[in-house]
Amino acid sequence: MEALLRLRLLPLALFISLLLSLLSQSSSQELQIVNAERRIDLTSHIIKVYLTLKVENVGTSPASEVNLAFSPAEVEHLAIVKAAVTTGKKKKKTYVPLDVKSTELPVAPNGTKYFTIILINPLSKGETTTLEVLYILTRSLEPFPVEISQSESQLVYFRDSAILLSPYHVKQQTTFIKTPSTRVESFTVVEPTKRVGTEIKYGPYDNQPPHSYAPILVHFENNNPFAVVEELEREIEISHWGNLQVTERYSLAHAGARHKGVFSRVEYQTRPGSTGVSSLKYLLARLPPRVHSVYYRDEIGNISSSRLRTDFLKSELVIEPRYPLFGGWRSTFVIGYGVPVEDFLFESPDGSRYLNFTFGCPLADTVVDRLLVKVVLPEGSKDPKAVVPFTVEQGLETKYSYLDVVGRTVVVLEKRNAVPEHNIPFQVHYSFNPIFMLAEPLMLVSAFFLFFVTAITYLHLDLSIRK
Ligand SMILES: *[C@@H]1O[C@H](CO)[C@@H](O)[C@H](O)[C@H]1NC(C)=O
Ligand SMILES: *[C@@H]1O[C@H](CO)[C@@H](O)[C@H](O)[C@H]1NC(C)=O
Ligand SMILES: *[C@@H]1O[C@H](CO)[C@@H](O)[C@H](O)[C@H]1NC(C)=O
């Protein structure tokens, strides 16, 4: 009955959406996609979608914007959208990054959300250009079954559309879905559909009108540990006395299929290849080169079972938690290290100073639900200004530590849904009066002086009593 109703309503809905899209197009430029190729990488729990669009201006006026459409579910889990224009032929292909911003369009069927790519050179009538888009989705694989035992594989659902959701007419398109292994339980067929090895190919589909959609469901094996840091607080403390102290507080969860039954360490250790395949056994943290005094501790205390490899370009810390993390399990821990301040603190031409450090989470293959980056400036710093290449929430706090007189200004940057692509440099500029450099030593000197006076008095007292 419901299906019948939908069948009857469908042509009407299609007609309305067509009419609306025609209306919206006549008010802006007219574009069409000559060819679209989409590659969806499902090998991790962080989904990467590479989209190549050959766009043609079929209107009369030049176009400087190209819109991308996303379903409401996708937008909720969208971590990043990047675009570049390719120029030159195959061998000398170069990529020029383009600005992408979220936009509201007057007509948005089914709550579709849009992102706009701003072209550097407007596309004139009849011209075509090729755009490369990368977007990343987090928390978009749904474990099914939702609970698995230690010896079972993790299976997940992925939902999308076989046809690219686009506000434009798409002349030809193909979608490739890459799975981590050849174990695919099921997938929706939208002819022509073909599966070979670890790849499912949807299409080619010809002449799809704007906002076409064909839901698909892929059920497949994904034994990646779904490492999600629910909250990460990174505190970066600048001392002009030579050290940059970084303290990172993690609360990590395995967001994959929940663990069922009891955990058997014996079974886990004797049959490592076939039990706990989707558990999180170790973590890899990429730290800056020249780190020193690295430590890693959890609620119980310091954990020494971590290995640090350093070279000129990077340091890698391999962390082995006390127990493997299964689906639904959580762990909180702290990583701390120091780096030479001269590697990250610079002077601008106007005499102010700035920190140039990496944003994001140092753990490989990890999603961060809520990331807080706190830059603790030296005492007496003024006019802090953060420069981050993507949108973040910014705030200021004051921190008091020992030897502080007026407290330190803390620049707080908050980003939700961070992925490894957010591990890029950011800067915090501030001005500093060198007179404040004397504050700490003066405090130290007076503290030592007081200490010695006390000590001497005490010793004198002690001696006099003994005699
Ligand atoms: C719009 O929603 C209807 C009902 O949920 C669905 O059948 C249709 O495929 C959706 N279309 C798009 C473009 O998302
Ligand atoms: C842990 O190790 C760090 C660095 O080695 C050290 O500073 C800290 O005091 C240690 N903490 C405990 C509780 O042992
Ligand atoms: C920040 O550091 C990166 C490399 O670590 C460098 O490429 C970039 O130019 C630096 N930015 C500034 C503003 O100094």
Side-chain angles (χ1 to χ4, degrees), residues 79-85 93-101 120 132 134 136 232-248 284-294 308-317 335-366 368 371-378 381-396 408-415 418-434:
I80 206 164
V81 186
K82 294 206 288 190
V85 63
K93 221 176 197 179
T94 53
Y95 295 87
V96 183
L98 298 174
D99 275 344
V100 183
K101 62 175 201 318
I120 302 170
E132 299 280 351
L134 164 67
I136 296 180
L232 166 59
E233 187 189 300
R234 300 182 77 199
E235 190 181 274
I236 303 154
E237 188 163 345
I238 304 171
S239 160
H240 286 156
W241 291 93
N243 193 42
L244 199 69
Q245 183 61 39
V246 185
T247 311
E248 300 172 342
L284 173 69
R286 298 210 170 86
L287 306 181
R290 310 222 285 155
V291 288
H292 61 82
S293 330
V294 180
L308 182 68
R309 290 189 296 252
T310 49
D311 62 31
F312 292 113
L313 294 172
K314 60 179 185 316
S315 305
E316 284 186 341
L317 179 69
I335 300 176
Y337 52 91
V339 280
V341 79
E342 67 265 26
D343 290 3
F344 302 99
L345 198 64
F346 306 94
E347 204 165 312
S348 324
D350 67 357
S352 69
R353 296 168 193 232
Y354 71 94
L355 169 83
N356 184 15
F357 206 67
T358 312
F359 201 88
C361 170
L363 297 184
D365 257 330
T366 308
V368 186
L371 171 65
L372 280 167
V373 175
K374 296 190 171 182
V375 179
V376 185
L377 300 177
S381 302
K382 281 205 190 75
D383 317 317
K385 188 168 137 306
V387 181
V388 190
F390 40 83
T391 338
V392 292
E393 272 177 48
Q394 303 197 9
L396 288 177
R408 301 167 188 230
T409 303
V410 183
V411 177
V412 185
L413 307 171
E414 182 179 340
K415 174 93 188 85
V419 288
E421 270 64 22
H422 290 113
N423 297 10
I424 48 180
F426 76 103
Q427 293 83 35
V428 173
H429 298 256
Y430 63 94
S431 59
F432 180 77
N433 188 343

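Quick note: residue numbers are just sequence positions, from 1. All ligand and atom numbering here is 1-based and tracks the order in the structure.
Judged purely by atom type and a 3.5 angstrom limit, Arg234 has no side-chain atom pairing as donor or acceptor with the backbone of Leu371.
When heavy-atom distances to ligand 3 are checked against 4.0 Å, the residues falling inside are Tyr354, Asn356, Pro425, Gln427, ordered by chain and number.
In this structure, Lys385 and Val387 have side chains that are in contact, with non-hydrogen atoms separated by less than 4.5 Å. Between Gln245 and Val376 there is no side-chain heavy-atom pair separated by less than 4.5 Å. The closest side-chain heavy-atom distance from Leu345 to Leu355 is below 4.5 Å.
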**OP:** Mind running side chain to side chain contact (heavy atoms under 4.5 Å, CB included) on Val392 and Phe359 for me, showing each step along the way?
**Re:** CA-CA 11 Å; Val392 292; Phe359 201 88; 3.9 Å; yes
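Taking the side chain to side chain contact (heavy atoms under 4.5 Å, CB included) definition, one finds that Ser431 meets it with Lys382, Asp383, sequence neighbours left out.
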